[in-house]
Amino acid sequence: MADRTAQARTAVAALSSKDDDALFLELGKRVAMNRKDPRTVTDFDPTVEPEFEALGVMSDLVTLGRDFFGRVNKQAYELMCGADAEDSQERKKLTEAFGLGKDAIGAALAALLVAYLGLAPALAAVVAALALRLFFKPGYEAMCDLWKSKLPSNPAPAAS
């Protein structure tokens, strides 16, 4: 996982400077790319071809990104903040990343989303950046508490 984390670090750092709508738009583009050809999203920082810019109205791509994030949000939360004993080693790695800064946390989360939820790297990078942007707090427990309070009560099942 260390190699995957290193690969994710630059991509997540670049994404973390974007605002919410720009991140949802980026996620929507990458979901659309994945639907058309999954080989295009195997890198954490894929090249978005011009044809994907014309996939639809920008608001439709933002909606696609928001919908996808809504489907994977609870699973990502459980992986990062849950109590499942199977994921305890991964949570330990994430808590250790807190001492290394926000970019390290995002990279570790992106790598875990790929390894444990099977997300394509390009999608995992944006989901991690969104999770940090929306829920990051100065401490691991404070972040998990805030994230939990923002989860929908009955989320739709995740789809890849």
Side-chain angles (χ1 to χ4, degrees), residues 1-82 87 90-91 93-94 97 100-136 143-144 146-148 150-152 154-160:
M1 185 175 92
D3 187 49
R4 222 180 246 138
T5 303
Q7 293 169 3
R9 190 176 195 125
T10 303
V12 173
L15 289 164
S16 66
S17 65
K18 296 184 177 205
D19 66 23
D20 295 1
D21 284 338
L23 285 170
F24 286 119
L25 175 62
E26 185 66 25
L27 184 56
K29 289 177 189 176
R30 292 179 185 199
V31 169
M33 289 169 57
N34 184 51
R35 288 179 177 171
K36 185 171 181 187
D37 184 357
R39 294 172 294 180
T40 62
V41 292
T42 58
D43 294 324
F44 285 100
D45 190 15
T47 301
V48 178
E49 298 296 329
E51 68 183 272
F52 288 104
E53 296 287 335
L55 281 173
V57 179
M58 292 296 191
S59 62
D60 291 343
L61 291 172
V62 170
T63 299
L64 180 61
R66 285 184 187 280
D67 290 347
F68 183 85
F69 184 76
R71 289 192 305 269
V72 299
N73 186 23
K74 183 159 176 58
Q75 290 177 308
Y77 167 81
E78 289 298 330
L79 181 62
M80 189 165 182
C81 302
D87 299 331
E90 287 68 36
R91 273 191 296 284
K93 292 173 189 170
L94 283 166
L100 302 176
K102 193 173 181 177
D103 291 342
I105 298 163
L109 178 57
L112 289 174
L113 292 170
V114 171
Y116 290 90
L117 297 185
L119 290 184
L123 303 177
V126 184
V127 169
L130 273 163
L132 288 179
R133 179 155 181 79
L134 298 173
F135 311 120
F136 183 79
M143 184 198 68
C144 287
L146 174 63
W147 192 348
K148 184 177 183 177
K150 302 289 183 180
L151 288 174
N154 291 318
S160 52

With Asp67, which residues qualify under side-chain hydrogen bond (donor to acceptor under 3.5 Å, both in side chains), at least two apart? none

Check whether any side-chain heavy atom of Pro46 sits under 4.5 Å from a side-chain heavy atom of Met33, and report yes or no. yes

Side-chain heavy atoms of Leu130 within contact of Phe24, under 4.5 Å: yes

Applying salt bridge (Lys or Arg N to Asp or Glu O under 4.0 Å), name anything that partners Asp43, two or more places apart in sequence or on another chain. none

Determine, step by step, whether Gln75 and Val127 satisfy the side-chain contact (heavy atoms from CB on, under 4.5 Å) criterion, reporting the C-alpha distance in whole Å, the side-chain angles of both residues, the deciding distance to 0.1 Å, and the verdict. CA-CA 11 Å; Gln75 290 177 308; Val127 169; over 6 Å; no

With sequence neighbours excluded, tell me which residues meet salt bridge (Lys or Arg N to Asp or Glu O under 4.0 Å) with Lys18. Glu26

Determine the minimum heavy-atom distance between Leu132 and Gly106, stating which atoms define it. CD1-CA, 3.3 Å

Heavy atoms only: give me the nearest Ala8-Ala110 pair and the separation to one decimal. CB-CB, 3.9 Å

Evaluate side-chain contact (heavy atoms from CB on, under 4.5 Å) for Val126 paired with Phe69, printing each intermediate quantity in order. CA-CA 9 Å; Val126 184; Phe69 184 76; over 6 Å; no

Please find the pair of heavy atoms, one from Ala128 and one from Val12, that lie closest to each other, and give the distance. CB-CG2, 4.5 Å

For residues Arg35 and Leu64, determine if any side-chain heavy atom of one lies less than 4.5 Å from a side-chain heavy atom of the other. yes

Using a strict cut-off of less than 4.0 Å between a Lys/Arg side-chain nitrogen and an Asp/Glu carboxylate oxygen, indicate whether Arg30 and Asp45 qualify as a salt bridge. yes

Under the rule for side-chain hydrogen bond (donor to acceptor under 3.5 Å, both in side chains), what residues qualify as partners of Asp21, not counting sequence neighbours? Arg66

Taking all non-hydrogen atoms of both residues into account, name the closest pair between Ala108 and Thr5 and its distance. N-CG2, 3.7 Å

Closest heavy-atom pair and its distance - Asn73, Pro152: ND2-CD, 4.1 Å

Nearest 0.5 Å, please: how far is CG in Asp20 from CG in Leu25? 12.5 Å

Closest non-hydrogen atom pair between Leu123 and Val31, with its separation: CD2-N, 3.6 Å

Please lay out, stage by stage, how Leu15 and Phe44 fare under the test side-chain contact (heavy atoms from CB on, under 4.5 Å). CA-CA 10 Å; Leu15 289 164; Phe44 285 100; over 6 Å; no

